[in-house]
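Worksheet: the structure to be examined is printed underneath.
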Amino acid sequence: MSGKTDAEIVQGDLEVGAGRSQMMIDTIERPGKAFATGTFASAGKFEDDSEEEIGVYAGVGVGHARAEWSVFDAEAKGPNASAGAEISRKAGVRAIAKAELASASASAGLVKATVGLAADTGIGIGPSGVEAKVLGTGVTIGRKIGVSFLGSGFEIKLW
């Protein structure tokens with residue numbers, strides 16, 4: 001796998017687990033892999049006693065394709081909705097809900113760009129920074145710097 005949990009793949013913007021810089025080190029020699037699905041649904045909880053984090057997530061949608069190779073990722077999604085919440089020592093407190101008409105994203109190492117139409121709404125506050133979005137428009141400031149407007153955006157992971 002890519003160093004991501006199922007929660008990261010389903011939720012998109014609610015990332016848990018290893019940070020992107022660690023993921024880049026772990027994936028530099030990752031072989032190519034791709035998948036596509038017509039419909040998807042997932043729900044669950046995660047708990048990591050060593051990292052002192054706990055969270056819940058749920059997501060449903062129609063159309064999801066993803067390809068990955070080395071430090072590169074590309075993903076496209078059709079209509080979908082998801083929600084998640086996380087409490088951890090490392091990430092702080094985060095809660096986000098997302099309704100998305102469609103999106104396409106690409107990342108290369110620490111940089112990620114997304115084009116789409118979404119109504120993400122949520123907040124995150126913790127040692128790694130702050131994030132606030134209302135109807136797909138918002139900012140992230142901290143370990144990750146990002147801006148988004150109605151679901152399209154750009155972000156870079158600093159450390």
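Every value quoted in this text rests on a predicted model; they were computed, and no experiment measured them.
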Could you pull out the closest heavy-atom pair between [X] and [Y], with the gap in Å?
| X | Y | answer |
| --- | --- | --- |
| Y57 | S42 | CE1-OG, 3.6 Å |
| A41 | V60 | CB-CG1, 3.8 Å |
| S152 | V115 | OG-CA, 3.5 Å |
| G136 | S148 | O-OG, 3.2 Å |
| T114 | S105 | OG1-CB, 3.5 Å |
| F40 | G63 | CE2-O, 4.0 Å |

Heavy atoms, side chains only, cut-off 4.5 Å: are [X] and [Y] in contact?
| X | Y | answer |
| --- | --- | --- |
| F154 | V111 | yes |
| R66 | D73 | yes |
| V147 | V139 | yes |

Practice item. Indicate yes or no: does E155 engage K157 in a salt bridge with an N to O separation below 4.0 Å. Key: no
**Study point:** Gap between atom CD1 of I156 and atom CD1 of I145 - 0.5 Å precision
**Key:** 9.0 Å
Point to revise | For F149, ring-ring contact (aromatic ring centres under 6.0 Å, His included) partners two or more places apart | key: none
Check your understanding: Should E53 and R89 be marked as a side-chain contact (heavy atoms from CB on, under 4.5 Å) after you check the CA-CA gap, both sets of side-chain angles, and the distance that decides it?
Key -> CA-CA 7 Å; E53 65 183 14; R89 179 182 289 203; over 6 Å; no
Any donor-acceptor pair under 3.5 Å linking the side chain of [X] with the backbone of [Y]?
| X | Y | value |
| --- | --- | --- |
| T121 | A97 | no |
| R30 | S70 | yes |
| T137 | L150 | yes |

Review point. Under a 4.5 Å side-chain heavy-atom rule over Ile, Leu, Val, Met, Phe, Trp and Tyr, are V62 and L101 clustered together?
Key: no
